[in-house]
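Since the structure is predicted, the reported quantities are computational estimates derived from the model, not experimental observations. By convention in this document, chain letters (A, B, ...) are assigned in the order of the sequence lines, proteins followed by strands, and residues within each chain are numbered from 1.
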Amino acid sequence: MSAEELKELKPGQSPNEPEKATLEGKNKFLGFWFFLGGETVLFASLFGTYLALKNSNLDGPPDEELFGLELVFIMTMILLTSSLTSVYAIYHMKNLDFKKMQLWFGITVLLGFAFLGCEIYEFYEYVHHEGHTFTSSAFGSAFYTLVGFHGGHVVFGLLWFITLMARNAKRGLNLYNAPKYYIASLYWHFIDVVWVFIFTVVYLMGKVG
Amino acid sequence: MEKYTNSTAREFHKKKNKEEMKYQLITFALMIIFTLISFGLVIGDYNAMLTVPVIILLACVQVGFQLYYFMHMSHKGHGLPALFLYSGVFVALLTIIAMVTIVWW
Amino acid sequence: MSTATAQKKGFGATLWDYLTTVDHKKIAILYLVAGGFFFLVGGIEAMLIRIQLIAPDNEFISAGLYNQMFTMHGTTMIFLAAMPLIFALMNIATPLQIGARDVAFPFLNSLGFWLFFFGGVLLNLSWFFGGAPDAGWTAYAPLSTTSPGHGVDYYVLGLQISGAGTLIGGINFLVTIVNMRAPGMTYMRMPLFTWTVFVTSVLILFAFPALTVGLFLMMFDRLFGANFFDPAMGGNHIIWEHLFWIFGHPEVYILVLPIFGLFSDIISTFSKKRLFGYSAMVFAVVLIGFLGFMVWAHHMFTTGLGPVANSIFAIATMAIAVPTGIKIFNWLFTMWGGSIRMTVAMLWTVAFIPSFTLGGFGGVMLAVAAADYQYHDTYFVVAHFHYVIVGGVVFGLFAGVTYWWPKMFGKILNEKLGHLAFWPFFFGFHLTFFIQHFLGLMGMPRRYWKFQPESGLDLGNLVSTIGAFLMAIGTVIFLINVVYTSIKGEKASDDPWDGRTLEWSIPSPPPFYNFKQTPLVRGLDPLWIEKRQGNGKMTPAEPLGDIHMPNNTIIPFIMSFGLFVSGFGFIYQTDDKAWLIVAIAGMLITLGSMFVRSVKDDLGYHIHKEDLEKGAGSE
Amino acid sequence: MKGWMGKSRILFTLSLLMLFLAGCGDPQLSALQPKGEGADTIYDLMMLSVIIMVFVGVVVMVIYFFVLIRYRQKKDQEDFIPKQVEGNKFLEFLWTIVPIILLVVLAVPTVQKTFMLADTTPPEDKKDEAITIEVTGKQYWWHYNYKGQEIQTSQDLYIPTGERVYLKLTAGDVIHSFWVPSIAGKMDTNPGKNENEMFLHAYEEGVYQGKCAELCGPSHSLMDFKVVAVSNEEFDQWVEDMKNVNTDATPESQSAQEGKELFQEKNCMACHAVGSSPAAVGPNLTAFGDRDKIAGILDNDKENLIDWLQHPEKIKPGNKMTGKYGNTDAENPLTDEEASKIADYLLQLKPSEITPEDAQ
Ligand code: HEA
Ligand code: HEA
Ligand SMILES: [Cu+2]
């Protein structure tokens, strides 16, 4: 097998699910899903901590005063869209259209950066204009840790996509890298899943009080 | 699993993929709508007792869409991923319930 | 890169071989050696504890040192001794029992080991750099968050790093068991050890993230000024208690379940009978795993959660006695009507049954929430958990190591010396811990540096200490046995115990590719079936062909080393921000090696059919 | 190997012997000799669980020894292949259902008693007389505030016998746990806003030993305290005395007078109070002369007190008094004379006629 895995996949003589065509691919696929199961608990622990501490703002602004929904809405739209674009990328992967796949992943990455930019801007505002910092209260610590962990995941996802795209730019899709692209996109969707709960539980519920 | 498919079969799969892509788009549209509803409910400042459960429900449905369509959990061969994800959700729920109910001060 | 050639290599080459290996059998040896080392360290700490408590008002070690001693004893024993030793057994046996050539992710297997190892080393270096952690292995805040010095920082970072290794290992075994089973090896034909490894890995997957988060929060509090656990800043220390025990309780079943599985295999082998009630046993393991997530607050009965929560968790806890009882009785009835051979492995197993049962009884008594108001944080608890952990897990490790030693090293541990090691350890164990139940009830809290004279606690403590010395003697004899065996031990056949499972169908030690041809499994206890109904050999499921093998690599080592370095940086940046450079440098080493790993194709290599026919790699 | 049975028997007798020799410990400390409502209730639960455990244990051990003796491989039967039994539905059902029943038997009183012990509000008709005490754990001593009574003391907790005394528990620094084994179970004291509750109900008079049961630092094992249970009349007398403490009273002896001045000079007042006053850095010293122990662990006599004043760190490592005045080697230490005077002052602080001796 092995060396064969590096041959570029050609229409007409390739498996339908290139991501799961080799044993390594199958292992990666399953292992990554298991990992996501663990991540669920990880984020749940952070959400739980946040919920337990969200009213401990001391002298700092409480959540309903702090949060503005415009930016969060924009961020949500960006991230949701990036989820769709990575679906497109995988769609093209399944059709063995490498160029289009790279293109859509490229768009995904750009959206990811846009999201990250917004988040940094948001944090900057909180710290410099609202006096809401990591160390100002337990609420501050919990907020930045939860949202920051998500942000950290975004950063890692971006690095991952970029490395993959750069490494494989010249050689096209093959059985060796198809699983890698596939699980990277799973990861990206998962980040989106977490965000759905963040905007609901942290921002919207924060606003409602 | 058949390993290599000839070009007609490939065409067939292409078609199927395309069809699926249509569902993905619908899914996406629904997700956007749910998000809009959620934000709308909060901005509209309705009763909190009502808003909170509704937006949580919407979030859950939306996440379900992500999982089943975007992440293909509806496809076959995803039995174990689903089992493990739900086990994770189970532990996650226990954790969150504990944190919001018995950490009380 | 085969075992055969390794034996002829010089020291440097062998070392390099072990640093870079991705072979599950060698990784098992690494886990065994490192875990064994930490067991001795933890054991010496235990001896110092017991010496301090030999008499009332003793001044053998100082108060601060005593707190460090039991903190490190507990932490070392649980995370750096028991878990890795279990991983050693998981590594050696799981792939062989399911007829696989290796685990699903050999690279990650190696990474898991090195992360554990460097985490453990980091933690233990605290002894030399200004003092070890001193807030108990449970590290309750705010004592831990306000503990002066860097001890608790070492705890946080050391466990974070080694915990990541464990999590990776867990996922690896899950995928291995799901995807790598030989043809015919259905789930309900898997040996019980494999089943328990599976369930244990599930527990690892879902329990460790809670610890990860808890440790992060504590790290932020201690190192970066966060306020999660500081009541004055709106924080809440109960969050730590929950996170720790949401992890901590499943953790104790992570320790004991593989041991249950191993005992099932051993009892059935040495009774020459198939396991009584196999499906019930599997069901019980799954049930224990499931219930294990719903009982954590039984460690917090006196925290003040209120009677409703206490009652719920009390009942959930008691429920675990049922599946555990199912296992005890099924073991007894496996032996019933059998033909029991009292080898050393079986001896430890047989000794385990009453010891663990007693420990379990202690557990159920603790689960009586109201009564726990008396037991909690006393030596009654110490007695309970040493009964289940030493009488269960440590006995199991001795049994398992003895049982699989021939498979790992090709030699049988001397049986006579084995018996000699067993008896002092067994007596010492009961002597040490049985009396502690009463010490607790007589009013001796745990984590006590000193007890007052005239409290009626002298004699019990003295007896307990004497017992600990007997355990030490047993351990030393075991070590002598290891040395003796490696010099003079008798060579093991492929199947020294008249085994029933696949690992005994291949040479001892196995060739580096394990199975020349993947075996075809025809039922539960596949080798036994072939011995009774076939020609005593496994039928291959595939024609002889090329075997694909992964390449050795140093990257896991470097990656873990990077985190180790950056751990130091994080710890000391509170004193001087310049240390942040070290933290970043370490991170860069790790990220850099991850980068190398992802851009460099690693396709492995093939052993050719012709070489296999010539017998490459086998002895 | 042959002596397996024999060895086990030795083990059994040995442990029985050990128990006999150890007795049941100090009667004022042991949970096995309950002298209060909580401890008593719990003792009953313990016994119930022990009975169940012994029953199951006997069943397990009977099967165990039978199997081991009966089914050991015989010398000439090395080739014997036992029947490969798959299982037995009836047996498996049996050992599932019987433990369930036993556990239900255990669970019902567990829940009952858990709720009973959590009942920490005084009954309606006794609301006014009920005694409520706020307990604060601090490194490494205990503070008590008798609510509505203007009495705050440290270390020795005076309670009347024959009624429930309600405690509200918190901590001033890290978590501690308040435990008086012979009267009641323990309850954690948490720092921060949360408060735990429990009650003490001593049946008879006595000086009961209390322990801190949650790791709280180096001197965790030395954070002892006493519960002094006295008759109702004696308790009323004690309350009366404590309410009328004259903190300005001039000590009788010359040396105690000088001690009082030194006490102020050396700034002891910064951390300690004499007279009812909230938990400070160090324990309240109002009734120091009546204390059962110094620092929770030393017999209350002058020699020990001088030793304590001069070497607190040696006696109670990590305590908050170390370094606050001349008691470390580096600074000019409290001279023997100074220490002796302060001791004289402290030891004559005996505001009440009711002392631990009355509780015997
Ligand atoms: C391998 C490790 C291990 C195992 C297997 C167990 C098993 C059990 N444990 Fe234990 N436990 C620990 C390790 C373990 N524990 C540790 C390390 C601590 C302390 C941590 C710390 O604070 O530092 C602890 C503490 C601990 C506490 C908290 C005590 C306190 O701090 O106040 C409790 C309370 O409920 C408890 C309960 C139980 C129960 C009910 C079981 C059950 O699973 C036992 C089930 C087994 C049996 C019951 C025996 C066999 C069954 C039968 C023969 C059937 C019939 C039986 C009956 C009907 C009773 N354990
Ligand atoms: C896997 C877990 C494990 C194991 C195996 C053990 C094993 C032992 N433990 Fe402990 N223990 C814990 C986990 C474990 N423990 C935990 C979690 C705690 C709680 C910590 C806390 O409160 O935070 C604890 C606490 C604890 C205490 C309570 C301390 C206190 O509360 O103040 C005591 C006291 O007796 C004790 C004793 C022992 C003894 C005598 C052994 C013996 O079985 C040890 C036997 C081994 C040896 C004796 C080794 C012999 C080694 C040699 C002879 C060296 C030879 C050397 C060379 C050749 C170089 N342990
Ligand atoms: Cu537990």
Side-chain angles (χ1 to χ4, degrees), chain C residues 63-64 67 136 140 142-143 231 272-274 276-277 280 302-304 307 310-311 314-315 318 321-322 325-326 328-329 332 335-342 353-354 357 361 365 368-371 373-374 376-377 419 430 434-435 438 441-443 445 447-450 452 455-456 459-460 463, chain D residues 1 11 15 18-19 21-26 29-32 42 45-46 49 53 60 63-64 67 71-73 80-85 87 92 95-96 99-100 103 107 110-111 113-115 117-118 174-175 177 181 185-188 191-192 196 211 213-216 218-221 297 317:
Chain C
N67 287 5
Y140 274 17
L143 183 67
K272 291 201 181 177
K273 269 184 69 193
R274 73 173 266 165
F276 193 88
T302 65
T303 299
N310 280 2
S311 299
I315 292 170
M318 289 179 191
V322 178
I326 293 178
I328 298 273
F329 288 109
L332 291 175
M335 292 194 279
W336 188 292
S339 172
I340 301 172
R341 281 171 297 157
M342 217 39 106
I353 292 179
T357 305
F361 288 167
M365 289 173 72
V368 178
Y373 300 161
Q374 288 284 26
H376 178 67
D377 265 340
H419 280 104
H430 285 284
F434 191 71
I435 193 99
F438 294 89
L441 292 171
M442 281 161 18
R447 295 163 170 181
Y448 258 33
W449 168 52
K450 275 181 177 179
Q452 300 301 318
S455 316
L459 187 71
V463 168
Chain D
M1 272 239 319
L11 181 77
S15 35
M18 283 177 342
L19 279 186
L21 289 173
C24 280
D26 179 346
L29 175 62
S30 172
L32 294 176
I42 294 176
L45 273 177
M46 280 181 195
S49 60
M53 298 310 143
V60 171
I63 303 175
Y64 178 77
V67 165
Y71 296 109
R72 282 288 288 278
Q73 188 176 71
F80 166 69
I81 303 292
K83 199 160 154 255
Q84 305 289 309
V85 198
E92 291 180 45
W95 61 59
T96 310
I100 290 181
L103 289 172
T110 297
V111 174
K113 302 299 178 196
T114 305
F115 275 89
L117 291 175
V174 300
I175 313 172
S177 191
K186 65 181 73 62
M187 192 51 86
D188 288 2
N196 279 335
K211 300 261 168 197
E214 180 64 63
L215 178 64
C216 57
S219 285
H220 162 57
S221 62
I297 42 171

Novice: Measure D/K186 against the heavy atoms of chain C and call it side chain, backbone, both or neither at under 4.5 Å.
Specialist: both
Novice: Taking side chain as everything from C-beta outward and backbone as N, CA, C, O, which of these in D/L215 sits under 4.5 Å from a heavy atom of chain C? Side chain, backbone, both or neither.
Specialist: both
Novice: Between C/Y140 and chain D, with a heavy-atom cut-off of 4.5 Å, which part of the residue counts as in contact: side chain, backbone, both or neither?
Specialist: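 Just the side chain, heavy atoms under 4.5 Å.
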Novice: Can you check side chain to side chain contact (heavy atoms under 4.5 Å, CB included) on D/T114 and C/Y373, steps first, answer last?
Specialist: CA-CA 10 Å; D/T114 305; C/Y373 300 161; 3.8 Å; yes
Novice: Relative to chain C, which segment of D/I81 carries a heavy atom at a distance below 4.5 Å: side chain, backbone, both, or neither?
Specialist: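 For D/I81, the side chain is the part near chain C, not the backbone.
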Novice: Taking atom CE of C/M442 and atom OG of D/S30, what is their separation to the nearest 0.5 Å?
Specialist: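 Going from the CE atom of C/M442 to the OG atom of D/S30 covers 6.5 Å.
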Novice: Heavy atoms, side chains only, cut-off 4.5 Å: are C/W449 and D/P317 in contact?
Specialist: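 SC-SC contact between C/W449 and D/P317 confirmed.
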Novice: Please state whether the side chain, the backbone, both or neither of D/Q84 comes within less than 4.5 Å of a heavy atom of chain C.
Specialist: both
Novice: Within the distance-only criterion (no hydrogens, no angle test), does the side chain of D/D188 pair as donor or acceptor with the backbone N or O of C/G304 below 3.5 angstrom?
Specialist: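 No; judged by distance alone, with no hydrogens or angles, the pair does not exist.
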Novice: Rounded to the nearest 0.5 Å, what separates atom OG in C/S311 from atom NZ in D/K113?
Specialist: 13.0 Å
Novice: Quick one: closest heavy-atom pair of D/P82 and C/S339, and the distance?
Specialist: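 In this case the closest contact between D/P82 and C/S339 is CG-N, 3.7 Å.
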Novice: Take D/I175 and C/L143 through the test side chain to side chain contact (heavy atoms under 4.5 Å, CB included) and record every step on the way to the result.
Specialist: CA-CA 7 Å; D/I175 313 172; C/L143 183 67; over 6 Å; no
Novice: Is there a side-chain contact between C/V368 and D/M46 (heavy atoms, below 4.5 Å)?
Specialist: no
Novice: Name the member of C/A280, C/P307, C/P142, C/P231 that forms the most heavy-atom pairs with chain D at distances under 4.5 Å.
Specialist: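 With the most close heavy-atom pairs to chain D, the winner is C/P307.
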Novice: Check C/A370 against D/L117 and note the closest heavy-atom contact, atom names and distance.
Specialist: CB-CD1, 3.9 Å
Novice: If you round to the nearest 0.5 Å, how far is CZ of D/R72 from CD1 of C/I340?
Specialist: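 One gets 7.5 Å once the value is rounded to the nearest 0.5 Å.
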Novice: Could you tell me if the side chain of D/Y64 sits less than 4.5 Å from the side chain of C/T357, heavy atoms only?
Specialist: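 A side-chain contact is absent here, since even the closest heavy-atom pair is not under 4.5 Å.
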Novice: Of the non-hydrogen atoms in C/V322 and D/P99, which two are nearest, and what is the gap between them?
Specialist: CG2-CB, 4.4 Å
Novice: Identify the heavy atoms of D/V67 and C/L332 that sit nearest to each other, and give their distance.
Specialist: CG2-O, 3.9 Å
Novice: Are D/Q73 and C/K272 packed together at the side-chain level, in the sense that at least one heavy-atom pair is separated by less than 4.5 angstrom?
Specialist: yes
Novice: Measure across D/P218 and C/G64 and return the closest heavy-atom pair with its distance rounded to 0.1 Å.
Specialist: CB-N, 4.3 Å
Novice: Kindly give the heavy-atom pair with the smallest separation between C/T303 and D/N196, and that separation in Å.
Specialist: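 Smallest heavy-atom distance, with atoms named: O-ND2, 2.8 Å.
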Novice: Given a strict heavy-atom distance threshold of 4.5 Å, which part of C/Q374 is in contact with chain D: side chain, backbone, both, or neither?
Specialist: both
Novice: Using 0.5 Å steps for rounding, measure from the CD atom of D/E214 to the OG1 atom of C/T302.
Specialist: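 So the gap between those two atoms works out to 7.0 Å.
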Novice: Rounded at 0.5 Å granularity, tell me how far NE2 in D/H220 sits from CG in C/N67.
Specialist: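 That separation rounds to 8.0 Å.
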Novice: A side-chain contact here means heavy atoms from C-beta on lying under 4.5 Å apart; do D/E92 and C/F329 qualify?
Specialist: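 D/E92 vs C/F329: side chains apart.
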Novice: For C/K273 and D/V85, indicate whether the former's side chain and the latter's backbone hold a donor-acceptor pair under 3.5 Å.
Specialist: no
Novice: Counting only heavy atoms closer than 4.5 Å, note whether C/I315 contacts chain D via side chain, backbone, both or neither.
Specialist: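 It is the side chain, since no backbone atom gets that close.
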Novice: Please look at C/A314 and chain D and tell me whether the side chain, the backbone, both or neither of the residue comes under 4.5 angstrom of a heavy atom of that chain.
Specialist: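 For C/A314, side-chain heavy atoms alone lie under 4.5 Å from chain D.
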Novice: Given that the side chain runs from C-beta out, which part of D/L45 has a heavy atom under 4.5 Å from chain C: side chain, backbone, both or neither?
Specialist: side chain
Novice: Let me confirm one number: the NE2-OG distance from C/H376 to D/S177, rounded to the nearest 0.5 Å.
Specialist: 6.0 Å
